[in-house]
Structures are given as C-alpha cells and as structure tokens.
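Comments concern the structure below.
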Amino acid sequence: MYKVTVFNCSLIEFPKIQNRAGNITPITNLKEVPFEIKRIFYIYDIPGGEDRGGHAHKKCHQILVAVSGSFEVELDDGMLKKTVLINRPYYGLHIPPGIWAKEKSFSSGAICLVLASDVYDEEDYIREYELFKSYKFQ
C-alpha cells in the first residue's frame with residue numbers, strides 16, 4: 001500500500017444543474033466519482049454533539065456528501081490531521097483507504113450520504129486507533 005496522507009483526501013465538485021424549480025446534481029460511476037460505486041448509504045437523525053465514524057478502511061474508498069445541513073470530517077493519516085467542513089450538496093469529500101476519519105459537529109437535520117467502492121466487509125475496517133497506527137507504519 002502506498003503511504004496515503006491527509007493530502008490525498010480531496011473535495012470533488014459535482015455538476016449542479018440549476019433550475020428555478022430546484023437544482024439537481026447527477027453523480028456517475030467512474031466519471032465524477034474516481035471509482036465504481038458498490039454501496040450507498042446515508043446517516044441521519046444524528047443527535048447534537050455526537051460523533052460518527054472513528055475508523056479507517058484497508059481497501060474501501062468513500063465519498064461523503066452533506067446532502068442536507070453540514071458536518072466536519074477530521075482526517076488523520078497517523079502523523080498529520082486535517083479537518084474539512086462539508087456543507088454543500090454538490091461537493092463530496094473523497095477519503096481513500098488508509099485514512100482515519102471521524103465525522104463531527106453535525107448541524108440539526110444533517111444528512112451524510114456515503115458512496116463506497118466496496119460492499120460492507122467488517123474485515124476491511126480498522127476500528128481501534130492504535131491498530132490503525134500499527135497498520136500504517138508496519
């Protein structure tokens with residue numbers, strides 16, 4: 001595995017088709033998204049002050065989109081940390097494998113859409129920070 005850093009995480013601007021009756025943002029596999037989407041899920045009804053995430057993936061890429069409201073994502077590569085505010089439904093944060101990510105500071109009514117490169121596989125998750133650091137620096 002190449003040594004991915006927080007600088008490999010990037011915001012992707014999706015197309016925004018504006019209309020007086022409302023906007024639409026289309027998202028296409030391997031076009032706007034740099035991987036094939038194999039799983040889509042969303043997180044909602046997050047109580048105020050709660051954090052989500054707090055894990056890393058070994059293989060799975062993810063893109064996080066604030067389809068409603070806003071939240072912050074704390075990115076950590078084991079040496080450097082970076083916090084990104086997600087607050088527009090036509091931007092997604094690409095998080096490659098090998099990055100510890102935690103979502104926090106959700107606004108009231110926030111909805112986080114996640115586009116993932118793989119189906120759910122518990123073996124792909126690293127859920128303990130010390131194990132993450134061992135994995136990164138082996």
Side-chain angles (χ1 to χ4, degrees):
M1 179 177 109
Y2 70 97
K3 296 297 179 190
V4 64
T5 74
V6 295
F7 300 109
N8 296 107
C9 301
S10 59
L11 282 173
I12 297 171
E13 184 174 3
F14 298 121
K16 181 169 80 169
I17 302 167
Q18 295 181 303
N19 186 296
R20 64 178 178 77
N23 301 331
I24 185 170
T25 292
I27 300 173
T28 308
N29 271 335
L30 303 172
K31 186 175 179 187
E32 293 87 16
V33 175
F35 53 80
E36 182 181 353
I37 301 167
K38 293 188 179 171
R39 181 168 62 126
I40 299 170
F41 62 95
Y42 49 98
I43 304 163
Y44 58 98
D45 289 343
I46 303 114
E50 286 295 314
D51 294 343
R52 296 284 314 195
H55 63 266
H57 289 277
K58 297 173 189 171
K59 298 183 310 179
C60 185
H61 290 254
Q62 293 187 323
I63 293 178
L64 278 56
V65 180
V67 293
S68 181
S70 65
F71 55 91
E72 293 179 340
V73 182
E74 183 180 279
L75 304 165
D76 182 339
D77 61 23
M79 295 190 66
L80 300 171
K81 291 184 180 184
K82 176 174 146 180
T83 300
V84 178
L85 174 65
I86 309 294
N87 63 355
R88 289 177 257 166
Y90 53 93
Y91 276 95
L93 176 63
H94 176 220
I95 304 172
I99 296 291
W100 186 268
K102 181 187 333 183
E103 297 83 45
K104 58 187 190 174
S105 302
F106 286 89
S107 67
S108 178
I111 300 172
C112 173
L113 175 71
V114 181
L115 310 174
S117 66
D118 291 298
V119 297
Y120 178 80
D121 177 6
E122 183 58 33
E123 294 297 314
D124 185 54
Y125 284 75
I126 305 171
R127 296 188 186 274
E128 294 180 36
Y129 189 73
E130 290 307 314
L131 292 176
F132 166 70
K133 288 192 77 159
S134 296
Y135 175 78
K136 287 288 288 195
F137 301 109
Q138 60 186 351

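Below, each value reflects all heavy atoms present in this structure, side chains not excepted, and no hydrogens, waters or symmetry copies. Predicted model, so just to flag it, every value in this text is computed and none were measured.
T83 contributes no side-chain N or O that, together with a main-chain N or O of V73, makes up a donor-acceptor pair within less than 3.5 Å. A donor-acceptor contact shorter than 3.5 Å is absent between the side chain of N29 and the backbone of E36. Panel note: side chain K82, backbone D77; no donor-acceptor pair is recorded below 3.5 Å. For the pair S70 (side chain) and N87 (backbone), a donor-acceptor distance under 3.5 Å is absent. With hydrogens and angles disregarded, no donor-acceptor distance shorter than 3.5 Å links the side chain of S10 to the backbone of H94.
No continuous path of ILVMFWY side-chain contacts below 4.5 Å connects I63 to V6, so the two sit in separate hydrophobic clusters. Using a 4.5 Å cut-off between side-chain heavy atoms of Ile, Leu, Val, Met, Phe, Trp and Tyr, with links allowed through other members, V67 and I27 fall into the same hydrophobic cluster. In the hydrophobic clustering of ILVMFWY residues, with side-chain heavy atoms under 4.5 Å counting as a link, V4 and L11 come out together. When the side chains of ILVMFWY residues are joined at heavy-atom separations under 4.5 Å, either directly or via intervening members, L64 and I111 end up in two distinct hydrophobic clusters. By the rule that hydrophobic residues join a cluster once side-chain heavy atoms approach within less than 4.5 Å of another member, Y91 and I86 end up as members of one cluster.
The line from CG of L115 to CD of E32 is 10.5 Å long, rounded to the nearest 0.5 Å. Here CZ of R39 is found 9.5 Å from CG of D121. Values are rounded to the nearest 0.5 Å. Between atom CG of residue N8 and atom NE2 of residue H61 there is a gap of 10.0 Å, rounded to the nearest 0.5 Å. In this structure, CD on E72 lies 10.0 Å from CG on D51, to the nearest 0.5 angstrom.
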Please set out all donor-acceptor pairs under 3.5 angstrom arising from side-chain atoms of residues 98-106, sequence neighbours excluded.
{"unit_1": "E103", "atom_1": "OE1", "unit_2": "G53", "atom_2": "N", "d": "3.4"}
{"unit_1": "K104", "atom_1": "NZ", "unit_2": "E74", "atom_2": "OE1", "d": "3.0"}

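Contact of the Q18 side chain with the K16 side chain is registered, since non-hydrogen atoms from C-beta on lie closer than 4.5 Å. Counting heavy atoms from C-beta outward, L75 and L93 have side chains that approach closer than 4.5 Å. Looking at I46 and C112, their side chains never come closer than 4.5 Å, going by heavy atoms from C-beta outward. Looking at heavy atoms from C-beta onward, S117 lies in side-chain contact with C60 at the 4.5 angstrom threshold.
Ion pairing between R127 and E122 holds under the 4.0 Å rule for side-chain N and carboxylate O.
Residues I12 and P34 approach most closely at CD1-CD, 3.8 Å, considering heavy atoms. Between K3 and K136 the shortest heavy-atom distance is NZ-O, 2.7 Å. In terms of heavy-atom proximity, S107 sits nearest to G69 at OG-CA, 3.3 Å. The two residues S68 and G109 have their closest heavy-atom pair at OG-O, 3.5 Å.
Ring centers of F132 and Y135: at least 6.0 Å apart, outside the cut-off.
Side-chain atoms of Y90 and N23 form no donor-acceptor pair, as typed in the model, at a separation below 3.5 Å.
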I'd like to know whether F14 forms a side chain to side chain contact (heavy atoms under 4.5 Å, CB included) with V33, so could you lay out the CA-CA distance, the side-chain angles of the two residues, the decisive distance to 0.1 Å, and finally the verdict. CA-CA 9 Å; F14 298 121; V33 175; 4.3 Å; yes
Can Y129 and L131 be said to form a side chain to side chain contact (heavy atoms under 4.5 Å, CB included), step by step? CA-CA 5 Å; Y129 189 73; L131 292 176; over 6 Å; no
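Counting heavy-atom neighbours within 6.0 Å of Y44 OH, excluding the residue itself, gives a total of 12 or less. Atom OH of Y125 has more than 12 neighbouring heavy atoms from other residues, nucleotides or ligands inside a 6.0 Å radius.
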